[in-house]
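Computed from a prediction, not measured in an experiment: that's the story for all the values here. We use all heavy atoms of the structure for the numbers below, so side chains are in, but hydrogens, waters and symmetry mates are not.
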Amino acid sequence: MLPWEYHPELTKDRLVKVAQLLALGRGSAVDRFDPAIGDDKWTLGVCAYNFGCFQIIQASETSGFEWLAVIDPSKHFQFSIGKIPMRFWRGDPKEPTVKIVAATPLEQLRLDLEPEVLVDGILFRINVTTDMDGALLDASFVALQNGHPETIWLIPLAEAEPLIVMLGEERPEGRELPPPRVGDLGEDLDERVIDSSAGPRKD
């Protein structure tokens, strides 16, 4: 089945935009990756996940993404497309992780109270696959039934228009900071006092 055959909220355009947001987040993580300061595959993965979440959070608050909402902004990140809860993960789309196939508390509640929203208990996820450097290669829509992929639909990123997120112009106001304290460095330094107006000390 195609995503929108499960539910009309799951349109091609919306899934493409979410995949583009995840690609932006992962791209930022790859660009900042620096083994010279201790980065490794673990830190890259953590940053890519966090940055992807951030992109979705940021977009959900902008015009043109009224259909996108954040359900859980914590490390168990979950968002929704329309009324449909979604999560994402990296790996083989044919082999979802134990955590990703488990219904979240909200999904379980809807399974109990609103089964039609989750289409007879099917959970919806977005999967990303990456190259050796961690950059995004593909993204797929995955429908899970009883913990197994029922549908894997490759999201056509190559055909997509460039993503535009219209961020608001509002910025938090600046905060007045007190002048820096200049004074005693401590008894272990000869109880000297630094005078910020003085020139170099001549002994």
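The shortest distance between side-chain heavy atoms of Lys12 and Pro156 falls below 4.5 Å. By the 4.5 Å heavy-atom criterion applied to side chains, Ile100 and Phe88 are not counted as neighbours. With a 4.5 Å cut-off on side-chain heavy atoms, Leu44 and Asp39 do not count as touching. Here the side chains of Arg26 and Arg90 are in contact, with some heavy-atom distance below 4.5 Å. For the pair Leu21/Phe65, a side-chain contact is recorded, criterion being any heavy-atom separation below 4.5 Å from C-beta on. Two residues are said to be in side-chain contact when any heavy atoms from C-beta on lie closer than 4.5 Å; Leu22 and Val128 meet this criterion. Between Ile81 and Leu10, the closest side-chain pair of non-hydrogen atoms falls below 4.5 Å. Ile57 places a side-chain heavy atom less than 4.5 Å from the side chain of Glu61.
Residues Phe51 and Ala29 come closest through the heavy atom pair CD1-N, 3.5 Å. Residues Ala102 and Arg125 come closest through the heavy atom pair O-NH2, 3.3 Å. Contact detail for Trp89 and Glu95: the closest heavy-atom pair is NE1-O, 4.4 Å. Annotation for Gly147 and Val101: closest pair O-CG1, 3.6 Å, computed over non-hydrogen atoms. Residues Thr151 and Met1 approach most closely at CG2-O, 3.0 Å, considering heavy atoms. In plain terms, the two heavy atoms of Ile71 and Ser80 that are nearest each other are CD1-CB, 3.7 Å.
The backbone N or O of Val16 sits nowhere less than 3.5 Å from a side-chain atom of Asp13 that would complete a donor-acceptor pair. The backbone N or O of Ala139 sits nowhere less than 3.5 Å from a side-chain atom of Asn127 that would complete a donor-acceptor pair. Remark: side-chain polar atoms of Asp133 are not paired, donor with acceptor, to backbone N or O of Ala135 under 3.5 angstrom. Formation of a donor-acceptor pair under 3.5 Å by the Glu66 side chain with backbone atoms of Gly64 is found in this model.
Just one of Ile126, Ile152, Asp138 meets the side-chain contact (heavy atoms from CB on, under 4.5 Å) condition when paired with Pro93; it is Ile152. Under the side-chain hydrogen bond (donor to acceptor under 3.5 Å, both in side chains) rule, Thr104 has a single partner from Gln78, Lys99, Arg87, which is Gln78.
A donor and an acceptor atom, one from each side chain of Asp72 and Ser74, are located under 3.5 Å apart.
Following chains of ILVMFWY side-chain contacts shorter than 4.5 Å, one can reach Ile84 starting from Phe79, so the two form part of one hydrophobic cluster. Linking ILVMFWY side-chain heavy atoms closer than 4.5 Å, directly or via other members, places Trp67 and Ile56 in a single hydrophobic cluster. Follow the hydrophobic side-chain contacts under 4.5 Å out from Leu2 and you reach Leu157 in the same cluster. Both Phe77 and Leu15 sit in one connected hydrophobic cluster of ILVMFWY residues. Membership requires side-chain heavy atoms under 4.5 Å apart, directly or through other members. The hydrophobic clustering, which links ILVMFWY residues whose side-chain heavy atoms are closer than 4.5 Å, places Ile122 and Ile155 together.
Salt-bridge check for Glu9 with Arg14: passed, with a basic side-chain N closer than 4.0 Å to an acidic carboxylate O.
A distance of 10.5 Å separates NZ in Lys94 from OG in Ser140, rounded to the nearest 0.5 Å.
Residue Phe54 places its CZ atom among 12 or fewer non-hydrogen atoms of other residues, nucleotides or ligands, all under 6.0 Å distant.
The aromatic ring centres of Tyr6 and Trp4 sit 6.0 Å or more apart.
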